[in-house]
Structures are given as structure tokens and as C-alpha cells.
Amino acid sequence: MIAVNEGRKTLAFWAAAAVILGIAGWITWPEPTIDTNNLAGNDLFEKFTDPQLAASMKIVTFDEEQGQLDTFEVRRDRESGLWNIPSRDGYPADAIEQMRTAANSLIGLKILDIQTENAEDHDDLGVAEPKLEDLEVGDEGVGRLVTFKSESQDTLASIIIGDQEKSDPEKRYVRIPGQDPVYVVKLDQSSLSTNFEDWIESDLLKLSSIDISELQ
């Protein structure tokens, strides 16, 4: 009887050890590496091909002096189909054409080169992610995070935009959040504006005077 109990204890011990080793292996399992071979010439966001799928755009920047994040968002209401600016108390936006143009700035964005795969170079290239928990007042090298999502809140494209390439100001260093490789792309940011006036209805009196019953 004693031998049977000892055998059960030994079996239980080894079973527990196997579970612990399995958990430890799962925790320490390295993240899959990004195969950057032969990426030059490919689209950075190969699955993002239709600008009309973009139902929201959020741009996050880091204020070095204040040590704070600035967020600007434009979003289409699922029920009404109207655009608004949640970061400005839901102010109505005139965003149909501008949103299409903004989304198109990332659609077909070609990878020209791989600048580095070393995470230690992120600060030097201006592509550190604007995450407040990792930042302090005066931190430099923080990029501009731009994210497009669909109506169901699936991420269509997300990119951290960094410094200009010194030899060609039209080229930028960019990175996909959560990934180490830094790519060189040719990116026009003019449509990725966080200027409130660029997204609101410029002609507030578009309605005919016949349609206006009262003005306060």
C-alpha cells in the first residue's frame, strides 16, 4: 500500500512539473520574427485596398514639453452614417472626401527599403510608439501614430510615422506598432491633418434661407 501511494505521489509530481514547464515555455516563447527578406517593392498594407472601408481615423502625437498625448479622431456614426469628431465632443465633420484621401495615403504605400530591424534604433529614427506609460516630459524620438479602422472596429492600417530621411525629405521612416523593423517609404502627410478646421463644414450657411426658420 505504501508503494502504491509513493507511486501516485511520484506521478503527481511529474505531472505538476510538466504543467509548470509548459507554462514557463509559453511565457518565454519568443515572438515570431518578421521576415523582411524581399519586402522592398511590396505594399506595406497589402490587405488595405478600399478607402471606403475606413470608418474612423485616429492620430496620436506626443507633446514633449507637456509630457502628454494629443489625440485627434474622425469617425462615421454607424446608425446615421454622419461623420463627427469624437475628440472635439462629437462636432459634425465634413469628412467624406477628405477621409477617402487620407486613407489613400496608406493604400499602395510601397516599402522602398528596410532601414533597421533593431528596436534600439527606434528613438534615433523617430518611430518610438506614443504610449504614455513609457514616456516622460522631454522624451524625444516619438513618432506619430495613425490608425484607420473599419465600422466593426477592425484595424485596417496602423503606422508610426517618424523622421524624414536626410538624403531625401520626401522619404520617411515608418514602423508598424508592435514590430521592430523600420521601413523607408515615400509618404505625403498633407491629408493626415489634425487641424480642426480642415475637417468641419467650411460653409455653415449652405442651407437655403428658405429652409431656415429661426437663427439664434
Side-chain angles (χ1 to χ4, degrees), residues 24-51 53-54 56-73 101-150 153-194:
W26 176 74
I27 293 174
T28 59
W29 190 263
E31 294 184 3
T33 57
I34 306 300
D35 185 8
T36 57
N37 293 326
N38 303 317
L39 279 182
N42 291 352
D43 290 349
L44 186 58
F45 302 105
E46 294 182 339
K47 296 181 179 180
F48 187 27
T49 58
D50 185 356
L53 294 178
S56 72
M57 180 191 72
K58 180 184 287 187
I59 299 178
V60 181
T61 54
F62 178 63
D63 186 328
E64 297 175 8
E65 296 182 359
Q66 301 294 327
Q68 297 178 347
L69 297 182
D70 293 327
T71 301
F72 180 86
E73 184 178 6
T101 304
N104 273 324
S105 68
L106 297 189
I107 292 176
L109 186 64
K110 300 292 184 184
I111 299 173
L112 303 179
D113 196 7
I114 316 299
Q115 181 66 21
T116 182
E117 297 182 49
N118 190 349
E120 295 179 356
D121 296 330
H122 290 172
D123 291 352
D124 295 334
L125 299 174
V127 292
E129 188 167 352
K131 295 172 63 176
L132 196 57
E133 59 269 23
D134 299 332
L135 300 171
E136 298 177 354
V137 174
D139 279 351
E140 299 179 349
V142 182
R144 189 179 190 219
L145 177 60
V146 180
T147 303
F148 288 92
K149 290 189 176 183
S150 67
Q153 292 300 295
D154 294 324
T155 299
L156 300 171
S158 188
I159 188 173
I160 302 171
I161 304 172
D163 297 340
Q164 294 176 330
E165 191 178 68
K166 293 180 180 179
S167 62
D168 188 347
E170 292 187 357
K171 295 179 181 178
R172 288 259 177 190
Y173 301 117
V174 300
R175 181 170 70 89
I176 295 176
Q179 298 182 9
D180 290 340
V182 179
Y183 307 101
V184 179
V185 300
K186 202 169 188 177
L187 176 62
D188 180 6
Q189 294 191 80
S190 59
S191 62
L192 302 176
S193 171
T194 58

Pairwise distance CD(Gln68) to OG1(Thr61) - rounded to 0.5 angstrom
11.0 Å
Can you confirm whether Glu120 is buried at CD, in the sense that more than 12 heavy atoms of other residues, nucleotides or ligands lie under 6.0 Å from that atom?
no
In this structure, CG of Leu125 is separated from CD of Glu165 (nearest 0.5 Å) by 10.0 Å
Name all pairs fulfilling the side chain to side chain donor-acceptor pair (under 3.5 Å) condition that reach into residues 41-51, sequence neighbours left out, sorted by first residue then second.
Asp43-Lys110
Which heavy-atom pair separates Ile160 from Val127 by the least distance, and what is that distance?
CG2-O, 3.5 Å
Correct closest heavy-atom pair for Val60 and Pro130 would be O-CG, 3.9 Å
Under 3.5 Å side-chain donor-acceptor pair for Asp188 and Ser190
yes
Please assess Glu129 against His122 for the test side-chain contact (heavy atoms from CB on, under 4.5 Å), listing each intermediate value before the final yes or no.
CA-CA 9 Å; Glu129 188 167 352; His122 290 172; over 6 Å; no
Taking all atoms of both residues into account, what is the closest heavy-atom pair of Ala128 and Asp123, and its distance?
CB-OD1, 3.3 Å
Could you go step by step and tell me if Thr194 and Asp70 meet the side-chain contact (heavy atoms from CB on, under 4.5 Å) rule?
CA-CA 10 Å; Thr194 58; Asp70 293 327; over 6 Å; no
Rounded to the nearest 0.5 Å, what separation is found between the CG atom of Leu156 and the CD1 atom of Ile107?
8.5 Å
Any idea which heavy atoms bring Leu192 and Ser105 closest together, and the distance?
CD2-OG, 3.6 Å
When every non-hydrogen atom of Tyr173 is compared with those of Gln164, the smallest separation belongs to CE1-O, 3.8 Å
What are the two closest non-hydrogen atoms of Ala54 and Phe48, and how far apart are they?
CB-CZ, 4.5 Å
side-chain contact (heavy atoms from CB on, under 4.5 Å) between Glu64 and Val142, intermediate numbers included
CA-CA 9 Å; Glu64 297 175 8; Val142 182; over 6 Å; no
At what distance, to the nearest 0.5 angstrom, does CD of Gln179 lie from CD of Glu117?
11.0 Å
Is the shortest heavy-atom distance from the side chain of Val182 to the side chain of Asp121 under 4.5 Å?
no
Please walk me through it: do Ile159 and Leu109 pass side-chain contact (heavy atoms from CB on, under 4.5 Å)?
CA-CA 11 Å; Ile159 188 173; Leu109 186 64; 4.0 Å; yes
Out of curiosity, Arg172 CZ to Gln189 CD, how far, rounded to the nearest 0.5 Å?
4.5 Å
Point-to-point distance, once rounded to the nearest 0.5 Å, from CG of Asp113 to OH of Tyr183
11.5 Å
